[in-house]
There are 2 protein chains.
Amino acid sequence: MDRKINCPVEVTLSLIGNKWKVLIIRDLLEGTKRFGELKKSIGSISAKVLTSNLREMEEEGLINRKVYAEVPPKVEYSLTETGYSLKSVLDSMYSWGESYKEVKGRV
Amino acid sequence: MDRKINCPVEVTLSLIGNKWKVLIIRDLLEGTKRFGELKKSIGSISAKVLTSNLREMEEEGLINRKVYAEVPPKVEYSLTETGYSLKSVLDSMYSWGESYKEVKGRV
DNA sequence: CGGTATCCTTACAGATACTG
DNA sequence: CAGTATCTGTAAGGATACCG
């Protein structure tokens, strides 16, 4: 039982332990998106919060940020290989959410 | 694409979308625990925060709370069937965390 | 032992205005 | 378009004291 010394679950939490990061991953799993697209697809997030989460995730090696030297500016975000590997986690969250809804609906 | 209208990932987030709840599930997956044991095994959580999270999770049908009519008091927490089914999510978080550590260690 | 009540401090997040 | 700067409100969380 290595739970105490750097439990892997806590490692994962430290990287995607907030709601916004999970939603960012979810939306980038569909493919590369521009800043504005991402903001729109997440829905209720502000530019400030989106930016700060993206910066952190970039630092942690989960996403790529590609800036085009154009006017008006164009910035594309995509998942790195590491970021994409989070698909397994998101998939299990998706499945669980679905069956939870089913159970609740049945009440 | 039903992402907009009640995405299952968001459903899951709404139930275990905070760090503490994930850790509570993780520790209860080992089996029934008393309040004090749970508090100790999670580590840095305060009684107030632990109590409020447990209450919410009880309400949502993820955990059971069993009170023994004894002095001194004894209260045991365990996962419901629904709560236990979150093991799949925790498992994938565990695996991902492990491989992330490996990748980072290799740098 | 397993909480509650209270106070207090910060982290998180929304709104708005502005810029390269 | 893709941010940054600033200001502000709110809620999460820690510390402490106390209770059944």
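Residue numbers begin at 1 in each chain, while the letters A, B, ... track the order of the sequences. Values below: all heavy atoms of this structure, side chains included; hydrogens, waters and symmetry mates excluded.
Residue Tyr77(B) places no side-chain N or O under 4.0 Å from the OP1 or OP2 atom of dC1(C). Residue Arg34(A) places at least one side-chain N or O closer than 4.0 Å to OP1 or OP2 of dA2(D). Residue Trp20(A) has no polar side-chain atom (N or O) positioned under 4.0 Å from OP1 or OP2 of dC12(C). For dG3(D), the OP1/OP2 oxygens have a side-chain nitrogen or oxygen of Arg55(A) closer than 4.0 Å.
Screening Ile45(B), Thr32(B), Asp27(B), Val75(B) for a side chain to side chain contact (heavy atoms under 4.5 Å, CB included) involving Leu38(B) leaves a single residue, Asp27(B).
Between the side chains of Ser88(A) and Trp96(B), not a single donor N or O lies within less than 3.5 Å of an accepting N or O.
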Tabulate below the donor-acceptor pairs under 3.5 Å that side-chain atoms of residues 60-68 of chain A make, not counting sequence neighbours, or state none.
residue  : atom : partner  : partner atom : Å
Arg65(A) : NE   : Tyr77(A) : OH           : 3.1
Tyr68(A) : OH   : Glu76(A) : OE1          : 2.9

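Salt bridge absent: Glu10(A) and Lys19(B) never bring a charged side-chain N and a carboxylate O closer than 4.0 Å.
Nucleic acid contact for Pro73(B): base, since at least one base atom lies under 4.0 Å from a heavy atom of the residue.
In terms of position along DNA chain C, the nucleotide closest to Arg65(B) lies nearer the 5' end than the nucleotide closest to the other residue of the pair Lys48(B) and Arg65(B).
Shown here is Lys87(A), whose NZ atom has no more than 12 heavy atoms of other residues, nucleotides or ligands within 6.0 Å.
Where the helix from dC1(C)-dG20(D) to dG20(C)-dC1(D) starts and where it ends, the local axes point in directions that differ by 50°; five pairs per end, rounded to 10°.
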